[in-house]
Amino acid sequence: MSFIILIALFAAFGALLGYAAIRFKVEGNPIVDQIDSVLPQTQCGQCNFPGCRPYAQAIADNKADINQCPPGGDAGIAALADLLGVEPKPLNEENGVEQATLVAVIDEEVCIGCKLCIQACPVDAILGAPKHMHTVIEAECTGCDLCLPPCPVECISMEPIAKTLALWQWDKPDNSQNKAKT
Amino acid sequence: MSEYLLILVSTILVNNFVLVKFLGLCPFMGVSNKLETAMGMGLATTFVLTLASICSYLANHYLLEPLGLEYLRTITFIVVIAVVVQMTEAIVHKTSPLLYQVLGIYLPLITTNCAVLGVALLSVQEDHGFIESALYGFGAAIGFSLVLILFSTIRERISVSDVPEPFKGNAIALITAGLMSVAFMGFSGLVKF
Amino acid sequence: MNSYKHILKNGLWDNNQAFVALLGLCPLLAVSNTVINGLGLGIATTLTLILSNAIVSLVRHQVGSEIRLPVFVLIIASIVTAIELTMNAFFYELYLILGIFIPLIVTNCSIIGRAEAFASKNPIGASCVDGFAMGLGFTFALVILGAMREILGSGTLFSNAHLMFGEAAKDMTIYVIDDYEGFLLAILPPGAFIGLGLLIALKNVTDKRLAQASSQKVNIVLDPKKV
Amino acid sequence: MHFLTSNSPFIAPQNSIQKMMLWLLIALTPGIFTMIWQFGYGVLFNIIICVSSAIAAEALMLYLRGRPIVPFISDLSAVVTALLLALALPTIAPWWIPFIGAFIAIVIAKHLYGGLGYNPFNPAMVAFAVLMISFPKSMTVWILPNALLPNGLSFSDIFAIVLNTQPNNDLVDAITAATPLDEMKTQLGLNQTTEEIKSASIFSSLAGQGWQWVSIAYLLGGTLLLFKKIISWHIPVGLLSGLFVISALFYLFEPGITPSPIFHLLGGGAILGAFFIATDPVTAATTLKGRFIYGVLIGVLTYIIRTWGGFPEGIAFAVILINMAVPLIDHYTQTRVYGHK
Amino acid sequence: MIKSGWVLGLFSLIGIGLVSLTYLVTHEQIAENERLFVLKNLHELIPESLHDNDLLENTVQIVDSSAFGSEHEVTIYRAIKDGQLIALVASPTAPDGYNGSIKLLVAIKKNGELMGVRAISHHETPGLGDAIDTNKSDWIYSFNSKSLQEPEIKQWRVKRDGGEFDQFTGATITPRAVVKMVLKTLQYYKANHNVLTNTDE
Amino acid sequence: MKLWRFNGGLPSLAEHKNESVNLPIEHAPVPAKLVYPLRQHIGNAATSLVCVGDKVLRGQKIAAARGLISAPIHAGSSGVVTDISDHLIPHPSGFSAPCISIETDGLDDEIAPVPHSSFQQLSIPELITIIRDAGIVGLGGAAFPTAIKLDNQSKTRNIETLILNGAECEPYISCDDRLLKERADRVVEGIEILLHLLGAKRAILAIEDNVPDTFKSIQSAIAVNNNHAISAAQIPTIYPTGGEKQLIKTLTGKEVPSGGIPADIGIVSINVGTVHAIQQAVIEGRALTSRIITVTGEGVNTPRNLEVRIGTPISTLVDVCNGYTKLAERLIMGGPMMGFALLNDEIPVVKASNCILVASKHEAITDKKAMPCIRCGLCASACPTNLLPQQLYWFSRSEQLTKAEDINLFDCIECGCCDVVCPSHIPLTQHFRYAKSALKVQNHEKHLSDIARDRFEARDARLARDQAERAERLRKKKAVLKEKPAKEELDAAINRSKAKKQIASESKG
Ligand SMILES: Cc1cc2nc3c(=O)[nH]c(=O)nc-3n(C[C@H](O)[C@H](O)[C@H](O)COP(=O)(O)O)c2cc1C
Ligand SMILES: Cc1cc2nc3c(=O)[nH]c(=O)nc-3n(C[C@H](O)[C@H](O)[C@H](O)COP(=O)(O)O)c2cc1C
Ligand SMILES: Cc1cc2nc3c(=O)[nH]c(=O)nc-3n(C[C@H](O)[C@H](O)[C@H](O)COP(=O)(O)O)c2cc1C
Ligand SMILES: Cc1cc2nc3c(=O)[nH]c(=O)nc-3n(C[C@H](O)[C@H](O)[C@H](O)CO)c2cc1C
Ligand code: SF4
Ligand code: SF4
Ligand code: SF4
Ligand code: SF4
Ligand code: FES
């Protein structure tokens, strides 16, 4: 039968592909870096991953949706959507809500220097020696809240970042005339 | 010479695969959100389509016809194409991860893009020779890429327009494709059949 | 585990291949210039979907990722060619009209799409139901779009029914509008795009209405005075 | 003392959309009057039906979309669209042609994209193209110029024709003809030479009877627009020179069987298209270099479609085809910003 | 790698087997369908009662660009009853339709009188040129029983060009092309009458 | 003199100079309280040198420059420091910022000035020091510390042309014009100082061609001086010819490279008011404590130019001009094109304030109803920087800010020309200001997140290392306990820990 030739040909194709799968095997995924660079690096874990990079990895592996990072907010989701060429969607409320960034402030009167907060801080933003009061380096705190729960004397509070002229933004004009009334 | 030109004009403009012949619509709708991706897709498709057209010609001419197995045309073509695409995919994946990411699921979808099989089948149906087949595939792909790129630039513009809510996204994109198709009807008659 | 009802609803509405996933557009747009053409292709596609989903689901464990695509495609192509030959033998005129789009069912993106997205991950029962639901949803889209274009474009409905149902069905053609000049756009390529666009918008509106209605219902239940 | 704040500049704007549209309407009047003079009152019916249905469609869409109705209607853009469509239609088209056309232009081509400013395709030309494709029969019969009608048509004659959806074919055949472009193309297809063709009565010294005067009147209005800076010269000059150069080339090489450049410029809608239609700011390229390229492309494409394509008048299709390329043109014709290489 | 090979091989065996089986079952029916389809068109012009031969056998293929003005192949079918040539059907292609060529079937009685004309494929504009289809208008029937004598050659034109055949409102090119090609076919028949009617080969 | 033309601009802007230009400059009285924002210039805020309760004299330095780019501040009159705290500042944000408040004693005692009769005797570093210590910043608008501008260029000495900007292209403002009318001689002397300092070959003083009499007074002042390197040029009255880049193009045909400074093409441009202040500092030995300000608009009874102590509240200026009229609607600092509206008139004037415009309703339109952009391109034709405002707007509006940046958003000089010509009445300039500031904030956040990423990864690596070390120690202990472990096992353990370390360092890198 003449189609034996065909079948043999197809089998050869299969072998070729099998070979290609070995020969062109790809390791790692550079897209992870790109995704990671879009994430806010708050390292807060609200996305249900232990930090931003693991979440980036999960997105790249199609194991997580793009709408799980509350600190990144809608702008972050939009950037991810743009990067990955998918439609943006609203933030998943199960992960939290977008808030203004805060910084941790340690009440130095109350702090007992237990070091627990230092262990919790993902970015090493807290300084202090054992038994001495600790302090937060404001410029390096990402406002992730992770230092709050471990503190035995509850001396850490989250405070809004002072508005400065350097970070002041002009108002965006609104085209209310063109918007729907409803 | 002029007959080759006619094939090109015909496949690119008059019988544009996407807007007139209705082939390759899924990637046309799917990867036209951004200019860069559209260009990548256009490139990939041009490559695959031309190659597929050539391979199918060879398969048809040197395999199926001598063996008298024309009724297995579809199967043979599609397997040949699938293999070509899979190889392309593996190579792209290795060499240009970014392009791979951008094209995402669409590289495998090129296989299942009707334009590819369509080109092969139509080319056989129209009794094209080797060069004609290659040109036919190439022209069809250029036509595809052309409208894909134009479409993507328009969609970029539309995506930030004030489109009424129910029409946002796919609906207005399809209507745009419709209007593009209206425009392309202006080319009808350029090449007589 | 997907409940069958969920799968059905998914295929017919929520994830309708034509309206939502925008897959299988080529045959959808090309062949929907009359209801009967749409119906013919819809049935052929549904058949293919069910068979291919079933087979893919059966063999899903045996096939390595590097040859998954060729194998799936091969399976689908065999089924389609068999169907094509059968149609060619028994519905010749319809076969002529549907033309190249019969072999092209092979590359109907929704078929390989379902094979990849559903059948390769689910057992055979669910896969068959999924194929049926998706096919039905697709046929639904074909028929609606076909009706819309046929009425607008030539003022008739069910013309050429005899190609499918035999000579007796010749009288089935309904002249919706008599002496209609014909809005040619509707049966030409642009009409297909625009028509589908309008249908999708219509679906969006319907979905929104439905969502509103259901959220209102919830409100009523939660309203303590009314409970 | 306390004051309210707002942002600079504080100076009142010097211009408004309404003003621009109004000037456009004014610039169209010479053309309209010439058209009435040459082709009778039919055009008035088109204008009335088109404009009123366009305003109705605009109001309806604004209402459905929940937008303020008055400011958007009074910007007059719908009127301009309707008027340009009306002028492109055959003057004895049945009433439903301008009616459907206006709705297609305003609803599909304009408001589905978000209304004024957002539409990628020229609404009037989209409507024209859709009508042309859908109703080729009604869209290709043009009335003969008055000079060729033995005793002219009265107002009521036209009224009857426009309202009568199924016109008496014999009567219509008697008073209608193909447009000069159409006739030229048909006859060339029969291997006639341009000289032989131009001896027919519908042609005259420059281009077609009636048509040439209408074109010249539009040219007048177009100059007014240029003068008032409503449009820049780039598009009209690009378009007309594109059309002129390519038709001159072919005319030089094959004089007997290709119509002259003058015929191409004045014989159809080229002038109207160049000054009033291709210049639609919303759908044209926005950089000056881009506009010139845009114009040239339309000119060349017009010639191609007229000469080898299926439609005798190519402007409408050329415009929407090049509309598609506008974002790309804009993308590649960015200006050289001060201080950049 | 080896495994991929034989898995794909196995599936191709199954797939190709399935298709081949179907092919075996259906291919005769398909060939018959194709035959019947051509016959059906021919029978519209020459009723079955008028011939007893198989129209699809005993055909002639001609390419004569000087007579037909185009390179298209023309097939001539012959209807024979009781060994007598009754009529023949030519399939010329009019190259100058509005949107390209128009494929015709022209049935001519032995005496040179037309039995009928059909357009079997064309690209004319729907709504304008497509009135040559029988289901769009009756125009094509106006050729019935015309011949080179009736009307005379000068009258073989559309009315607009001073002839006898109607044009369509707004579309003259299509009917012009059809009339021209039918006339050419008749003239060809007249010129080659002897060869064409010679049935024994 | 050959002139060049920059793209666009507004040639037909109503000038409104006559209202204020006809009265001579009047000295405004010293108010009861002077307020000095510590940041009145581009760069770092100055640091206060005084404490509450200190007594200060006019011309005394009360705040010192901090860091590279900064400028000192001097008291404008004698009195007592009453307060150093946040106070509303003249800024479009309406923010408060640290200010020194001085209650004046009415004596206006001055610390002794150090005059130099001849600047030629001074070395260039000495001149720079004088200018820096006098607290001179650009008075033309941007308030860039002038000493820094001059310092680099005086060292490299590659300056060909010194441009004196007397264009004053904005409507309503006439302070430079008045200055040139009344004190042209001082300005010319200031130019000579700068020529000497920079080693420039020529100086061009540019004024618009709508003030011919001023031109004459300058020409005669130059003639008196008889310095051939100095010339005056009349430039066409097109807003914004006074913009540095536009002026340079007009006078020299050259363009300042994007992102660069005029010195890159051998040019320094300085406002005539600044030159006057330099002359005062060098020759008279006086620090910058006052400047000329135009108070105008239909909202004041007598529009005119005033010589004002910096730090004076606006209400005092309005009083000198006989108070508000009924039409007063909006209080604008700067001109109607580039100025910004103030919340109240207790805000002090600063070094950069050149005009107080008390605008009536029609002088400062309030609500423009914006329509969608119709892509008419009029804005692009008007843009003096040859940008495409319509595309910038499209991207800014839809928050595609990086795309806006790609098409050179940051080259926009916020002149407002596009706004004025837009038929759709879109507040384009405001969109661009928004986009620029939002981008700056975004970049700042990006910077912070990069720091956070580095720190996070460093910490991860450290933790991994710690853990590896701990495991290692544990194993060693076990090994010791086990007595004479098999040699291979030990090797294996070492290898393992090496591998771990490597992984740790890899994940760090
Ligand atoms: C879009 C379009 C399609 C046309 N299609 C046809 C056609 O299919 N057949 C035809 O004979 N004429 C067609 N025409 C008309 C020709 O242009 C030409 O006007 C006509 O054939 C000659 O017209 P007459 O009847 O006035 O001589 C078409 C015209 C247009 C604009
Ligand atoms: C960071 C920075 C450094 C500058 N350095 C110089 C300089 O070295 N030389 C100079 O002539 N101008 C310098 N300038 C001043 C600018 O060129 C310009 O004159 C000033 O910003 C005021 O211009 P404007 O009012 O047109 O904005 C500098 C400006 C800035 C912001
Ligand atoms: C749009 C615009 C208009 C300006 N108009 C003037 C002006 O009319 N006069 C002036 O001296 N400076 C004007 N400037 C400021 C100058 O660009 C530049 O900052 C100044 O001439 C530099 O001198 P300075 O450092 O001494 O202030 C303007 C700036 C801009 C952006
Ligand atoms: C110079 C000029 C030309 C115009 N040309 C057209 C035109 O050709 N077609 C049209 O529908 N509208 C035209 N308009 C009106 C307006 O731009 C149009 O309604 C918008 O496309 C709707 O968004 C024109 C307006 C101007 C100012
Ligand atoms: S949720 Fe927190 S940890 Fe997760 S990606 Fe966002 S900022 Fe990073
Ligand atoms: S200090 Fe607290 S809030 Fe700030 S980064 Fe560290 S753990 Fe998070
Ligand atoms: S001037 Fe206004 S309407 Fe015109 S292009 Fe610019 S922003 Fe758009
Ligand atoms: S504000 Fe910016 S964009 Fe507008 S004209 Fe001025 S420089 Fe150009
Ligand atoms: S059906 Fe998807 S590309 Fe054709």
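This is a predicted model, so every value here is computed, not measured. Heavy atoms only: backbone and side chains are in, while hydrogens, waters and symmetry mates are out. Reminder, nothing fancy here: chain letters follow the sequence lines and each chain counts from 1.
Contacts between F/L331 and chain D at a heavy-atom distance below 4.5 Å involve backbone atoms as well as side-chain atoms. For D/M1, the parts lying near chain F are the backbone and the side chain together; criterion is any non-hydrogen pair under 4.5 Å. In this structure, the portion of F/L378 lying under 4.5 Å from any heavy atom of chain D is its side chain and not its backbone. Contact annotation for F/C373: only backbone heavy atoms (N, CA, C, O) come within less than 4.5 Å of a heavy atom of chain D. For chain D, the nearby parts of F/M337 are the backbone and the side chain; heavy atoms of each come within less than 4.5 Å. Residue F/P92: no heavy atom, backbone or side chain, is found under 4.5 Å from chain D. Of the atoms belonging to F/I332, it is side-chain heavy atoms, and not backbone ones, that fall under 4.5 Å from chain D.
Taking every heavy atom of both residues into account, F/P336 and D/I11 meet most closely at CB-CG1, 3.9 Å. A pairwise comparison of heavy atoms in F/V420 and D/A12 identifies CG1-O, 4.2 Å as the closest pair. Across F/C422 and D/P13, no two heavy atoms sit closer than the pair O-CB, 4.4 Å.
In D/F227, the CZ atom is not crowded: 12 or fewer heavy atoms of neighbouring residues, nucleotides or ligands sit closer than 6.0 Å.
D/L297 is linked by a side-chain contact (heavy atoms from CB on, under 4.5 Å) to D/I293, D/I322, D/I329, counting only residues two or more places apart in sequence or in another chain.
Interface summary for chain D: among F/L387, F/L357, F/I314, the most heavy-atom pairs under 4.5 angstrom belong to F/L387. Options F/A380, F/G339, F/G416 differ in how many heavy-atom pairs under 4.5 Å they form with chain D, and the most are formed by F/G339.
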Write out all chain F-chain D donor-acceptor pairs shorter than 3.5 Å, or none if the list is empty.
{"from": "F/K245", "atom 1": "O", "to": "D/Y338", "atom 2": "OH", "distance (Å)": "2.5"}
{"from": "F/E255", "atom 1": "OE1", "to": "D/R336", "atom 2": "NH1", "distance (Å)": "2.9"}
{"from": "F/E255", "atom 1": "OE1", "to": "D/R336", "atom 2": "NH2", "distance (Å)": "3.3"}
{"from": "F/E255", "atom 1": "OE1", "to": "D/G339", "atom 2": "N", "distance (Å)": "2.7"}
{"from": "F/E255", "atom 1": "OE2", "to": "D/R336", "atom 2": "NH2", "distance (Å)": "2.8"}
{"from": "F/V256", "atom 1": "N", "to": "D/Y338", "atom 2": "OH", "distance (Å)": "3.4"}
{"from": "F/S258", "atom 1": "N", "to": "D/G339", "atom 2": "O", "distance (Å)": "2.7"}
{"from": "F/S258", "atom 1": "OG", "to": "D/H340", "atom 2": "NE2", "distance (Å)": "3.1"}
{"from": "F/R330", "atom 1": "NH1", "to": "D/T5", "atom 2": "O", "distance (Å)": "3.4"}
{"from": "F/R330", "atom 1": "NH1", "to": "D/S6", "atom 2": "OG", "distance (Å)": "2.9"}
{"from": "F/P336", "atom 1": "O", "to": "D/F10", "atom 2": "N", "distance (Å)": "2.7"}
{"from": "F/M337", "atom 1": "O", "to": "D/S8", "atom 2": "OG", "distance (Å)": "3.4"}
{"from": "F/G339", "atom 1": "O", "to": "D/S8", "atom 2": "OG", "distance (Å)": "3.1"}
{"from": "F/L343", "atom 1": "O", "to": "D/F3", "atom 2": "N", "distance (Å)": "2.6"}
{"from": "F/D345", "atom 1": "N", "to": "D/M1", "atom 2": "O", "distance (Å)": "3.2"}
{"from": "F/D345", "atom 1": "OD1", "to": "D/M1", "atom 2": "N", "distance (Å)": "2.9"}
{"from": "F/I365", "atom 1": "N", "to": "D/F10", "atom 2": "O", "distance (Å)": "3.0"}
{"from": "F/I374", "atom 1": "O", "to": "D/V282", "atom 2": "N", "distance (Å)": "3.4"}
{"from": "F/R375", "atom 1": "O", "to": "D/R291", "atom 2": "NH2", "distance (Å)": "3.4"}
{"from": "F/R375", "atom 1": "NE", "to": "D/V282", "atom 2": "O", "distance (Å)": "2.7"}
{"from": "F/R375", "atom 1": "NH2", "to": "D/A284", "atom 2": "O", "distance (Å)": "2.7"}
{"from": "F/R375", "atom 1": "NH2", "to": "D/D330", "atom 2": "OD2", "distance (Å)": "3.4"}
{"from": "F/C376", "atom 1": "O", "to": "D/R291", "atom 2": "NH2", "distance (Å)": "2.8"}
{"from": "F/T385", "atom 1": "O", "to": "D/Y338", "atom 2": "N", "distance (Å)": "2.8"}
{"from": "F/N386", "atom 1": "O", "to": "D/T335", "atom 2": "OG1", "distance (Å)": "2.9"}
{"from": "F/N386", "atom 1": "ND2", "to": "D/R336", "atom 2": "O", "distance (Å)": "2.9"}
{"from": "F/Q390", "atom 1": "NE2", "to": "D/T286", "atom 2": "OG1", "distance (Å)": "2.7"}
{"from": "F/Q391", "atom 1": "OE1", "to": "D/Q334", "atom 2": "NE2", "distance (Å)": "2.9"}
{"from": "F/R397", "atom 1": "NH1", "to": "D/Y118", "atom 2": "OH", "distance (Å)": "3.4"}
{"from": "F/D411", "atom 1": "OD2", "to": "D/H340", "atom 2": "NE2", "distance (Å)": "2.6"}
{"from": "F/V420", "atom 1": "O", "to": "D/Q14", "atom 2": "N", "distance (Å)": "3.0"}
{"from": "F/P423", "atom 1": "O", "to": "D/I17", "atom 2": "N", "distance (Å)": "3.1"}
{"from": "F/H425", "atom 1": "NE2", "to": "D/N15", "atom 2": "O", "distance (Å)": "2.7"}
{"from": "F/Q430", "atom 1": "OE1", "to": "D/N7", "atom 2": "ND2", "distance (Å)": "3.4"}
{"from": "F/R433", "atom 1": "NH1", "to": "D/S8", "atom 2": "O", "distance (Å)": "3.3"}
{"from": "F/R433", "atom 1": "NH2", "to": "D/S8", "atom 2": "O", "distance (Å)": "3.2"}
{"from": "F/R433", "atom 1": "NH2", "to": "D/S8", "atom 2": "OG", "distance (Å)": "2.5"}

